[in-house]
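Take a look at the structure set out below.
We name chains A, B, ... by the order of the sequence lines, and we start the count at 1 in each one.
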Amino acid sequence: MPRRREPRPAPALELKTTRFAGIQVILNSAEYAVLNTHITTLFAATPDFFGGEAAVFECGRLPADAASPDWAWLAQELRSRGLNPFAVQNASPALAASAVQAGLLVLNDAAPAGATVEARPEPEAEAEVEAPAEPSPEIPARTPTRVIDKPLRSGQRVYAAGGDIVVLAAVNPGAEVIADGSIHVYAPLKGRALAGARGDTSARIFTTHLEAELVSIAGVYRTFDTALDVALARKPAQIRLADASQIIIEPL
Amino acid sequence: MATIITVTSGKGGVGKTTTSASIASGLAMRGYKTAVIDFDVGLRNLDLIMGCERRVVYDFVNVIQGDANLHQALIKDKHADNLFVLPASQTRDKDALTEEGVENVLKELAHQGFDYIVCDSPAGIEHGAIMALTFADQAIVVTNPEVSSVRDSDRILGILQSKSRRAIEGREPVKEHLLVTRYSPKRAAEGEMLTYTDIQELLRIPLLGVIPESEAVLHASNQGIPAIHQKGTPVADAYTDAIGRFLGEEHPLRFVDYEKPGLIKRLFGGK
């Protein structure tokens, strides 16, 4: 899935290296019962958290003599929750062999994921128009800002991993916008907004119409059970953190 | 090509079945061959609203499970030519609706030359409601002028945008229509209810119509005659306008403005 398109007519096939970003699924156990229970509880509250991101099974923490997990089942469980595992890494030869049997690729540490993935089609095209979240690798050069141009409705949740998010349509009550960076909403913000989800206290929230149910920065949150100051309610506002512990809401 | 219209809302009691019956009847009265399917397996109501409850022999689940063919289960409507009702089963539960089974029934209806298939969704966001919206080409989201109904409609719109076949396959999205029902211009004007513009501002989908609150609806349900047939009532007129708009015509909104009754009207009564 090329991120940028050449303006000139491009050859049918091009090969380029890329730093490929995905989700690591770190296996600490290979036992069906343990995995099954954990997957169920982990995703119980947030079954739609992922939106088709690619994922890699990290096997480095499994004991050397671990039996192979049921790869096909495991991959299916994750797929049904919006993650698309396509490979294993740091796998023992026995694990790698069973993974290949189940249709997974084996990434070895010498070759970075990029080259392997580039030549393959992405596991699944996104149904939505917007780009899928770009989860950040350890050293993100720059995570592209995620842009949402359709209303976020009650029960919907978007997460911009590793970066900022810009929402051009309303965030309705019951919807949730989450970003590791800052959140910009150029429309009524009536749902929840959680910036700095991984603890970035410098993250901020901006909106042209503040009517949120809850705002949070780096885990410090505020609800709006008591009505907002008239100077702020339904007005453009900025929300930031002072002294790493206090939510400040200011008119823009 | 049959067009599949799902009538949905999230919340219960807002008028989905009343709307399904009137929309299906209205389309049939315009000459389109129309089927209306009750997806509320276990709590079937559509047959009552359509006045065909005494003619139910086979139902939707029988057809899905192959116990009867579609021809045996479809009930011809008494009030409109071109209209057929596929009732829900009263004795099963929603798990009897399989995706494959529903798809086969819809395909078979399309094959039989139906122009429109109206799917009357159950309330909620569980399996039955998902099955009713999975194959939708268009959706009519029925909303009452109160906050909980609006929020549930918002939720169901989100589900349409993620779980419908059109969304999953990345095709052109389901066309969404907002239908505000049980609207009282007086109470909206007095601030006791949301106005239809409030609702539209929140849901941000095109407005198909505003159906006024009326005793005619209860009367219609009790008689088993869809409200659109109650000639001369605002409800019937509002549904008729909505059908016109659905088919691409322009009709000004009616029955949405409240005029304070003048002295004469107050003296001589009249509602």
Flag side-chain contact, heavy atom, 4.5 Å: B/D154 against A/Q156: no
Gap separating the CZ atom of B/R155 from the CG atom of A/N172, nearest 0.5 angstrom: 12.5 Å
A/S154 side, atom OG; B/I156 side, atom CD1 - distance, nearest 0.5 Å: 10.5 Å
Greater than 12 external heavy atoms within 6.0 Å of A/R234's CZ: no
CG (B/D257) with more than 12 external heavy atoms under 6.0 Å: no
Over 12 foreign heavy atoms within 6.0 Å of OH, A/Y221: no
For the student: nearest non-hydrogen atoms of A/A170 and B/R204, plus distance: CB-NE, 3.8 Å
Crowding at CD, B/E172 (>12 non-hydrogen neighbours, <6.0 Å): no
B/E249 atom CD, over 12 foreign heavy atoms within 6.0 Å: yes
Beyond-backbone contact of A/P173 with B/L202, side-chain heavy atoms, under 4.5 angstrom: yes
Cationic N near anionic O, under 4.0 Å, A/K150 to B/E176: no
Point-to-point distance, once rounded to the nearest 0.5 Å, from CG of B/L203 to CZ of A/R153: 6.0 Å
NE2/B/H251: more than 12 non-hydrogen atoms of other groups inside 6.0 Å: yes
Heavy atoms of other groups near B/R182 CZ, more than 12 under 6.0 Å: no
Heavy-atom contacts under 4.5 Å, residues 119-147 of chain B to chain A: none
Within 6.0 angstrom of A/K235 NZ, more than 12 heavy atoms from elsewhere: yes
